[in-house]
Amino acid sequence: MLDIRLLRDKPDYIKERLQTRGGDFSALVDEVLSIDQARRSAETERQKLQSDRNRLSKEIGMGRKNGQDTSALETEVRGIGDRIDEIGREADAADARQTELLLSIPNLPHDGCPVGQSAEENPILREWGTVPTYDFQPKDHVTLGSQHGMLDFEAGAKLAGSAFVVYRGSGARLERALINFLLDLHTREHGYQEIGAPFVAKAEALVGTGQLPKFGDQLYHCSLDDLYLIPTAEVPVTNLHREEILKHDGLPIKYAAYTPCFRREAGSAGLGVRGLIRMHQFDKVELVKITTPENSAAELESLTANAEKVLQLLGLHYRVIELCTGDIGFGSARTYDIEVWAPGQGSYLEVSSCSNFGDYQARRMQLRYKDEEGKNRFCHTLNGSGTALARLFVALVETYQQADGSIHLPDILAPYFGGTKIG
RNA sequence: GGUGAGGUGGCUGAGUGGUCGAAAGCACAUCUUUGCUAAAGAUGCGUAGCCUUAACAGCUACCGAGGGUUCGAAUCCCUCCCUCACCGCCA
């Protein structure tokens, strides 16, 4: 969330920056400021009364010790106590409301984030490789998956409904091979520590990373235990250090985690899309970094490079775009999307979204570090997919299909897959 | 799930109603001295909020969480959470 002090000092600047996301936040900002005003005056009054009570209570204690009659004082303090309760309720209510409002305000886009209305205005930063060409009509992954008995959408629907899939045989093996390949790459070559995290999380964790309170309708929730299925490993992994004060010389912290991701995709227009493109459950290897404000910009570049490396090693054509202010995520200050080419789709698929959240998540989860001078400061958090598996699966089988429908995987996967041929 | 023990500052660990934000030790930081791969001494050393400020200072809250009793709660009562041990169950 945003720093209330920044809101107090530069409300117009805040409104202006938020405006670039689309939508008008000025009423919300003004409401926060007026609540803040009320909260502080109630708080000041309460503390003054508490101070009075502490002083008089001590007098009572000492008076009793000396055998004096303290009943008049006791009556007076009782009255003060009643007023403390009263004003305290006001202060607490204002505080709760202020927090609630602050949690619903998105992050400020980074100064370098291109201003734009929608995805159409996202600039393309770079491309790698070229669009592969075929002297036959390339099939899509659904056809290929069915040809080789790798993907069973009917079984997925039978078990859990639409937008769930069952991987079979070489399909299941390829998925597992990719998970291991990605984890090995990031832990061995890129210096991330591997994390195996719970696939469910408490509400506090989701508030910390920003999925709650605003986007609860996108989450699967187990009401009996009040736990949420994680929509991304970002949630458990970033929250690993919630409410901690880290040592500056231990930063950056770099984590890589494989988890499945669960998303309700409520109201998503694209849910009817064919195949693996948009599922309620998909696998992902996520990269998370916790760093200092000074280094977060550079860490975003290297994080993105780490994710790109995946596609380079697999020989898949991709491009990197930057999300403009109108398309950027709720908590993000700056985001690069990596899109891989899928020949069977004839389009690019987003396989990674690398974001710098600045101190936005850190404030929500009270994640700080002690700097060189011993001062506590909020960390900066980043994350990016390295990469999403389902769409990578799509790009791989569609890119490396042969005229007869067989698939010849890149050699680098051989030790993981146990060969390179499917079909 | 059952029974028992326990949750205090970075760590260990005192503290059962009042000058306790909390003894002591360790760790850490700065300084001093002796001197050299160390010892001794002094001082300092939690977090957040409020009010101010150039800054210091001051005030308030926080002893797992939330409620209650009381003029006053780390301390008494209630509920919950977590940790450990044993039992039960189980991949």
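Lettering follows sequence order; numbering is per chain, from 1. Every heavy atom of this structure was used, including side-chain atoms; hydrogens, water molecules and symmetry mates were not.
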[N] to [M] separation - [atom1] atoms, rounded to the nearest Å:
{"N": "B:U69", "M": "B:U60", "atom1": "P", "answer": "23 Å"}
{"N": "B:C28", "M": "B:G35", "atom1": "C1'", "answer": "23 Å"}
{"N": "B:G41", "M": "B:A54", "atom1": "P", "answer": "43 Å"}
{"N": "B:G2", "M": "B:G13", "atom1": "C1'", "answer": "32 Å"}

Nucleotide [N], atom [atom2] - distance to [atom1] of [X] in whole Å:
{"X": "A:R368", "N": "B:U47", "atom1": "CZ", "atom2": "P", "result": "8 Å"}
{"X": "A:D82", "N": "B:U70", "atom1": "CG", "atom2": "C1'", "result": "13 Å"}
{"X": "A:L56", "N": "B:G18", "atom1": "CG", "atom2": "P", "result": "18 Å"}
{"X": "A:E43", "N": "B:U52", "atom1": "CD", "atom2": "P", "result": "14 Å"}
{"X": "A:D95", "N": "B:C50", "atom1": "CG", "atom2": "C1'", "result": "12 Å"}
{"X": "A:D92", "N": "B:A61", "atom1": "CG", "atom2": "P", "result": "13 Å"}
{"X": "A:I84", "N": "B:C71", "atom1": "CD1", "atom2": "C1'", "result": "11 Å"}
{"X": "A:I87", "N": "B:A61", "atom1": "CD1", "atom2": "C1'", "result": "16 Å"}

Both A:D36 and A:K48 contact RNA chain B. Taking the nearest nucleotide for each, which residue is further toward the 5' end?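 First, find each residue's nearest nucleotide; the 5'-ward one identifies A:D36.
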Hey, which of these two, A:T44 or A:S57, hits RNA chain B nearer its 5' end, going by closest nucleotide?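 The residue mapped nearer the 5' terminus is A:S57.
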Taking OP1 and OP2 of [N], is either one under 4.0 Å from a side-chain nitrogen or oxygen of [X]?
{"X": "A:N54", "N": "B:A61", "result": "yes"}
{"X": "A:K370", "N": "B:U47", "result": "yes"}
{"X": "A:S51", "N": "B:U60", "result": "yes"}
{"X": "A:R39", "N": "B:C50", "result": "yes"}

Using a 4.0 Å heavy-atom cut-off, does A:I60 contact any base of the nucleic acid, only the sugar-phosphate backbone, or nothing at all?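 Base contact.
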For A:R46, answer base if it contacts any base atom (sugar-phosphate contacts may also be present), sugar-phosphate if it contacts only those atoms, and nothing otherwise; contact means non-hydrogen atoms under 4.0 Å.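 The answer is nothing, as A:R46 stays clear of every strand by at least 4.0 Å.
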Going by purine N1 to pyrimidine N3 plus the second Watson-Crick contact, or the G-U wobble pair, all under 3.5 Å, which nucleotide sits opposite [N]?
{"N": "B:U79", "result": "B:A65"}
{"N": "B:U70", "result": "none"}
{"N": "B:G35", "result": "none"}
{"N": "B:G17", "result": "none"}
{"N": "B:C50", "result": "B:G58"}
{"N": "B:A42", "result": "B:U30"}
{"N": "B:C11", "result": "B:G25"}
{"N": "B:G4", "result": "B:C84"}

Tell me, yes or no, whether the heavy-atom count around A:K309 atom NZ, taken from other residues, nucleotides or ligands under 6.0 Å, exceeds 12.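 No - once you tally the heavy atoms of other residues, nucleotides and ligands closer than 6.0 Å, there are 12 at most.
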Do A:H141 side-chain atoms and A:L276 backbone N/O form a donor-acceptor pair below 3.5 Å?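 Checking the backbone N and O of A:L276 against the side chain of A:H141, a donor-acceptor pair under 3.5 Å is found.
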Hey, can you tell me if A:H190 and A:H186 have their rings parallel, tilted or perpendicular (30° and 60° cut-offs)?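 Ring orientation of A:H190 relative to A:H186: tilted.
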Using the six-membered ring wherever Trp is involved, compare the ring planes of A:Y220 and A:F262 and label them parallel, tilted or perpendicular (cut-offs 30° and 60°).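 Ring orientation of A:Y220 relative to A:F262: perpendicular.
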A:F417 ring centre to A:R173 NZ or CZ under 6.0 Å, with the angle to the axis within 45°?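 Yes - A:R173 lies over the ring of A:F417, closer than 6.0 Å to its centre and within 45° of its axis.
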Closest approach of A:Y369 and A:P293, non-hydrogen atoms and distance?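 Shortest heavy-atom contact: OH-CD, 3.4 Å.
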Below 3.5 Å, does any donor atom in the side chain of A:Q47 face an acceptor in the base of B:G49, or the other way round?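 Donor-acceptor pair under 3.5 Å: yes.
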Sort out for me which residue in A:E286, A:H241, A:E234 forms a side chain to side chain donor-acceptor pair (under 3.5 Å) with A:Y255.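 The single option meeting the side chain to side chain donor-acceptor pair (under 3.5 Å) with A:Y255 is A:H241.
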